[in-house]
Amino acid sequence: MTEVSVAEEDAVATDELVVLKSVNKHFGALHVLQDIDLTIARGEVVVVIGPSGSGKSTLCRTINRLETVDSGTITIDGRPLPQEGRELARLRADVGMVFQSFNLFAHKTVLENVTLAQIKVRRANKQQAQEKARALLDRVGVGAQADKYPAQLSGGQQQRVAIARALAMDPKVMLFDEPTSALDPEMINEVLEVMQQLARDGMTMIVVTHEMGFARSAADRVVFMADGRIVEQAVPEQFFSNPRSDRAKDFLSKILHH
Ligand SMILES: Nc1ncnc2c1ncn2[C@@H]1O[C@H](COP(=O)(O)OP(=O)(O)OP(=O)(O)O)[C@@H](O)[C@H]1O
Ligand SMILES: [Mg+2]
């Protein structure tokens with residue numbers, strides 16, 4: 001990149017929204033991310049798959065700096081991940097994260113769950129935050145649940161609230177780490193449909209999932225990880241019909257035939 005002004009407002013707009021370069025991460029002796037190079041374009045939907053323990057969650061967690069890296073760089077929209085403080089809080093707000101376990105505040109209503117961070121991090125006023133929250137809850141199909149507590153909702157409804165909560169921060173990119181794997185089968189589709197719609201609306205998304213139907217229909221690219229490395233990546237059609245590596249072939253034969 002050419003030299004640019006240091007003023008953060010002037011960060012150069014590029015098609016590359018999330019860029020990881022030579023990222024390495026250890027947990028003790030375990031080399032959990034090995035020389036990860038990954039570039040996600042604005043508006044791109046990338047599905048990350050791979051065996052248990054291959055580093056998929058750790059990858060997600062480094063991208064919003066829930067985990068530090070040992071070496072390499074990660075930039076979001078042209079800016080390196082900040083180390084700490086308010087800049088980090090803002091970065092985290094730019095990167096929406098949805099986990100397997102919905103992580104809603106149990107003692108707050110659905111509406112409060114979706115307004116809290118808007119007020120604290122984005123400094124929205126309460127009324128604006130609530131209007132936005134209601135619109136987002138409608139968008140994910142749980143508008144009628146606004147005044148309930150999370151425990152009064154189904155898993156699928158809670159996960160959709162978690163998505164609305166992340167969207168309330170106007171994130172530049174959304175990370176999903178196995179968002180449907182804790183759900184009963186009949187609730188999986190309602191969450192996937194919300195994610196499909198988000199993808200169609202142009203959201204940049206990184207999705208760890210074993211939902212191959214979603215990968216086939218929504219992903220622009222599949223990234224396959226094994227043992228802390230990106231082993232191969234391809235458009236879904238190519239990856240599923242003609243995986244190149246033995247690791248991917250082996251993995252696919254296991255998940256597609258059970
Ligand atoms: N905080 C931690 N401390 C030590 N080891 C960890 C920690 N978090 C993850 N690991 C290890 O790092 C490796 C990668 O874990 P990670 O959770 O990223 O894998 P994953 O691909 O998401 O697996 P899964 O499909 O089971 O969710 C695993 O061997 C895991 O045990
Ligand atoms: Mg994981």
Side-chain angles (χ1 to χ4, degrees), residues 18-40 45-74 76 81 83-84 88 92 95-104 155-156 158-159 162-163 166 173-185 187-188 191-192 195 205-216 218-219 221-234 236 239-240 243 245-258:
V18 180
V19 181
L20 289 84
K21 281 194 184 139
S22 308
V23 167
N24 282 281
K25 166 86 185 166
H26 296 76
F27 286 121
L30 186 68
H31 197 171
V32 59
L33 295 179
Q34 304 191 30
D35 287 319
I36 299 290
D37 287 310
L38 182 64
T39 299
I40 316 281
V45 177
V46 171
V47 162
V48 179
I49 66 174
S52 181
S54 57
K56 306 178 299 292
S57 294
T58 306
L59 178 75
C60 285
R61 292 168 60 80
T62 61
I63 292 175
N64 71 349
R65 219 180 171 290
L66 288 171
E67 298 281 359
T68 56
V69 300
D70 299 334
S71 64
T73 58
I74 302 177
I76 309 285
L81 289 192
Q83 294 301 306
E84 57 195 4
L88 180 56
R92 288 235 176 87
V95 180
M97 180 119 190
V98 175
F99 303 90
Q100 177 177 337
S101 53
F102 327 121
N103 293 19
L104 297 173
Q158 289 185 59
Q159 192 61 304
I163 293 172
V173 53
M174 288 278 288
L175 306 179
F176 294 86
D177 190 359
E178 303 208 32
T180 60
S181 55
L183 297 177
D184 292 337
M187 290 165 195
I188 290 176
V191 171
L192 291 178
M195 293 168 60
M205 295 164 59
I206 302 172
V207 185
V208 178
T209 185
H210 291 164
E211 293 293 332
M212 296 304 130
F214 176 84
R216 281 178 185 277
R221 180 163 41 130
V222 174
V223 167
F224 175 72
M225 289 184 74
D227 300 327
R229 290 184 186 279
I230 294 177
V231 174
E232 75 179 86
Q233 39 184 322
F239 179 77
F240 290 116
S245 64
D246 289 342
R247 290 303 304 262
K249 283 177 195 161
D250 181 53
F251 177 76
L252 285 175
S253 73
K254 284 180 185 142
I255 59 162
L256 297 178
H257 297 134
H258 74 199

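We number each residue from 1, following the sequence as shown. Counting convention: from 1, in listed order, for ligands and their atoms alike. Side-chain atoms are counted along with the backbone in the values below, which use heavy atoms only and exclude waters and symmetry mates.
Near P51, with a cut-off below 4.0 Å to any heavy atom, the atoms of ligand 1 are 21 (O).
Between H210 and ligand 1, not a single N/O pair is under 3.5 Å apart. Looking at S54 next to ligand 1, an N or O pair under 3.5 Å apart turns up. Ligand 1 has an N or O atom lying under 3.5 Å from an N or O atom of G53, backbone or side chain.
Heavy-atom separations between G28 and ligand 1 are all 4.0 Å or longer. Every heavy atom of R61 sits 4.0 Å or more from the atoms of ligand 1.
Looking from atom 13 (C) of ligand 1 to the surrounding protein, the closest heavy atom is V32 CG2, 3.5 Å. Of the protein's non-hydrogen atoms, the one nearest atom 31 (O) of ligand 1 is L30 CD2, 4.7 Å. For atom 26 (O) of ligand 1, the closest non-hydrogen atom on the protein side is S52 OG, 2.6 Å. Looking only at protein heavy atoms, the nearest one to atom 16 (P) of ligand 1 is T58 OG1, 3.6 Å. Looking at atom 17 (O) of ligand 1, its nearest protein heavy atom turns out to be S57 CB, 3.6 Å. The nearest heavy-atom contact from the protein to atom 9 (C) of ligand 1 is F27 CE1, 3.4 Å.
The shortest distance between side-chain heavy atoms of P179 and F214 does not fall below 4.5 Å. In this structure, L33 and N24 have side chains that are not in contact, with every pair of non-hydrogen atoms separated by 4.5 Å or more. The closest side-chain heavy-atom distance from S57 to V208 is not below 4.5 Å. Looking at heavy atoms from C-beta onward, V191 lies in side-chain contact with I163 at the 4.5 angstrom threshold. Under the 4.5 Å side-chain criterion, counting only non-hydrogen atoms from C-beta, V47 is not in contact with F239.
Checking S57 against the Mg ion (ligand 2), an N/O/S atom falls under the 2.8 Å cut-off.
Although no hydrogens or angles enter the test, the distance criterion places a donor-acceptor pair under 3.5 Å between the side chain of K25 and the main chain of T68. Between the Q159 side chain and the F99 main chain, a donor and an acceptor come within less than 3.5 Å of each other.
Checking atom 24 (P) of ligand 1 against the protein gives a heavy-atom contact under 4.0 Å.
R247 has a carboxylate O that lies under 4.0 Å from a charged side-chain N of D227, or vice versa, which qualifies the two as a salt bridge.
With a 4.0 Å cut-off on non-hydrogen atoms, E178 touches ligand 1 through its side chain and not its backbone.
Using the six-membered ring where Trp is involved, H31 and H26 have ring planes that are parallel, under 30° apart on the 30 and 60° scheme.
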